[in-house]
Protein chains: 2
Amino acid sequence: MRAPTERQSASETRDRILDAAEALFVEHGFEATTMRMITSRADANIAAVNYHFGSKDALIQEVFKRRLTELNRRRLAALDRQEAEAGGAPLKPSRIVEAFFGTALEMAADTAHGGHTFMRLLGRTYTEPNGFVRQFLAEEYAEAVERFLAALYRALPDVPREEILWRFHFMMGAMSYAIAGTDALQLFAGKFDDAAPERLLPRLMSFLLGGLRAPLPGQGVPGENGRGAPTRQ
Amino acid sequence: MRAPTERQSASETRDRILDAAEALFVEHGFEATTMRMITSRADANIAAVNYHFGSKDALIQEVFKRRLTELNRRRLAALDRQEAEAGGAPLKPSRIVEAFFGTALEMAADTAHGGHTFMRLLGRTYTEPNGFVRQFLAEEYAEAVERFLAALYRALPDVPREEILWRFHFMMGAMSYAIAGTDALQLFAGKFDDAAPERLLPRLMSFLLGGLRAPLPGQGVPGENGRGAPTRQ
DNA sequence: TCATCAATCAAACGATTGTTTTAATCATAC
DNA sequence: GTATGATTAAAACAATCGTTTGATTGATGA
């Protein structure tokens with residue numbers, strides 16, 4: 001509800017649209033979210049999206065760009081910090097994992113500034129079939145993924161790189177579901193009511209590191225005893 | 001291309017529509033897949049969907065029902081087999097995990113009968129915001145999840161149930177990405193060309209078991225050394 | 001041979017989609 | 001005060017959406 005006489009600066013309307021779109025994309029997905037839903041929620045005119053962004057697709061890109069650039073900037077900063085501490089030595093896998101996935105969960109815990117909303121959207125989007133969004137994600141992620149994979153390769157020289165790549169992929173999946181969180185969990189256990197986001201990070205981190213350091217397939221019987229784990233921490 | 005004179009049995013058209021819809025849902029998502037795309041690919045008339053299924057939403061449900069019922073039937077059968085072998089004793093976590101996730105990957109490896117297509121669709125749908133699909137999934141999954149969680153609770157009596165629930169959730173995420181597979185992986189590593197689906201199962205299984213058996217958060221420093229792991233296999 | 005009925009077809013339905021147009025409105029600088 | 005440029009507003013755009021209609025087809029059993 002806004003007084004029609006009071007005028008907003010351009011950037012205010014732009015930001016309101018971005019926030020509204022972000023929230024609606026989480027709730028309904030890209031396709032099911034209409035321009036009218038967005039502008040209505042943002043208290044803006046239907047033409048405002050095309051005026052400020054050009055098209056709906058461009059708006060989607062901008063929603064991602066705004067948050068993703070910041071997320072990967074923080075990730076790389078965290079990695080830089082760890083590498084500076086290590087002083088040339090290979091990092092522990094746990095430090096690398098925490099720099100990448102911990103930063104993401106940190107952002108997801110920030111409910112005040114919309115970080116939570118966005119991270120739920122992001123986690124789902126990796127597997128989403130929308131062509132141009134996927135390509136955009138790939139470009140935006142390229143640098144961060146390259147550096148983190150390189151760090152993991154250094155940290156785990158005895159593990160085949162292909163295996164590390166797959167496990168990184170698995171970890172992304174676990175994180176994605178962790179952030180999607182309670183909603184998807186209630187799908188399994190209706191009674192679930194643990195609303196403690198501060199406990200999520202250690203929970204996920206234990207799981208991820210356990211998976212990353214698991215014995216390689218073929219070495220020892222996975223179901224019997226995990227001897228000869230080639231990973232280290 | 002079908003001769004207009006030759007007549008198809010009702011079920012043939014129905015199945016062609018289901019197959020076409022399944023494939024298109026994977027490729028474009030639910031909303032972006034139109035009735036005309038489906039009927040065109042199925043070589044059927046635009047009215048055929050509403051005639052055979054009633055509505056688009058009902059078609060979506062039927063796409064899931066057809067495969068999901070069979071998947072969970074196999075899962076429960078695998079669990080029954082393990083429990084019969086154990087003869088009353090608690091199962092090893094590895095057996096439980098393999099019965100649940102191994103069966104899924106088995107189905108995903110079946111490219112001949114559309115299992116692969118469907119599993120990619122399924123993995124994405126857990127985090128998809130489409131309301132009625134999620135509710136349908138919850139109902140269809142209820143029995144299997146209940147029995148597998150109960151088996152895990154028995155297998156890991158020292159681990160808090162809440163923790164098991166979360167780790168089961170994380171495992172679902174890893175599996176989902178594993179099946180989404182190479183497509184999503186290429187998002188990170190463009191050069192990736194490992195098309196060896198038979199190696200995926202042991203890879204994923206090692207990772208999942210490593211995560212499930214990881215030291216609990218709070219017990220020992222996750223990044224330092226995983227002593228005092230309360231899980232067993 | 002004819003009635004029956006499930007299945008298919010072309011065509012159209014109203015509703016809604018993203019986008020564009022044209023005019024009105026505001027703050028600002030001269 | 002007035003011209004300028006950016007923003008907002010209402011209305012309409014063509015296109016496409018899921019769905020429905022009414023006619024037609026072809027196999028089946030009496």
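All chains are named by letter (A, B, ...) in the order of the sequence lines, taking the proteins before the strands, and each is independently numbered beginning at 1. This is a predicted model, so every value here is computed, not measured.
- Here A:His52 does not reach the OP1 or OP2 of D:dA6: none of its side-chain N or O atoms lies under 4.0 Å away.
- Note on B:Glu83 versus B:Arg147: salt bridge recorded, some NZ/NE/NH1/NH2 to OD/OE distance being below 4.0 Å.
- Salt bridge B:Glu70/B:Arg74: present, at least one basic N to carboxylate O contact under 4.0 Å.
- A salt bridge links A:Arg203 with B:Glu162: the distance from a Lys NZ or Arg NE/NH1/NH2 to an Asp or Glu carboxylate oxygen falls below 4.0 Å.
- One interatomic measurement links the two molecules: CD of B:Glu12 to C1' of D:dA27, which rounds to 14 Å at whole-angstrom precision.
- Atom CG in A:Leu59 sits about 15 Å away from atom P in C:dT17, given to the nearest Å.
- Here the options are A:Arg66, A:Arg41, A:Arg14, the test is side-chain hydrogen bond (donor to acceptor under 3.5 Å, both in side chains), and the partner is A:Asp19; only A:Arg66 passes.
- Ring planes of A:Phe100 and A:Phe148: perpendicular class, angle over 60° (limits at 30 and 60°).
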Give me, pair by pair, the N or O atoms of the protein and of nucleotides 18-21 of chain D that are less than 3.5 Å apart, along with how far apart they are.
unit_1: D:dG18; atom_1: OP1; unit_2: B:Lys56; atom_2: NZ; d: 2.8
unit_1: D:dG18; atom_1: OP2; unit_2: B:Met35; atom_2: N; d: 2.9
unit_1: D:dG18; atom_1: N7; unit_2: B:Arg36; atom_2: NH1; d: 3.0
unit_1: D:dG18; atom_1: O6; unit_2: B:Arg36; atom_2: NH2; d: 2.9
unit_1: D:dT19; atom_1: OP2; unit_2: B:Lys56; atom_2: N; d: 2.9

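- When the P atom of D:dA9 is taken as reference, atom CG of A:Asp43 falls 8 Å away, rounded to whole Å.
- Taking atom CZ of B:Phe53 as the reference point, atom P of C:dT8 lies 11 Å away to the nearest angstrom.
- No salt bridge links B:Glu143 with B:Arg75; every basic N to acidic carboxylate O contact stays at or beyond 4.0 Å.
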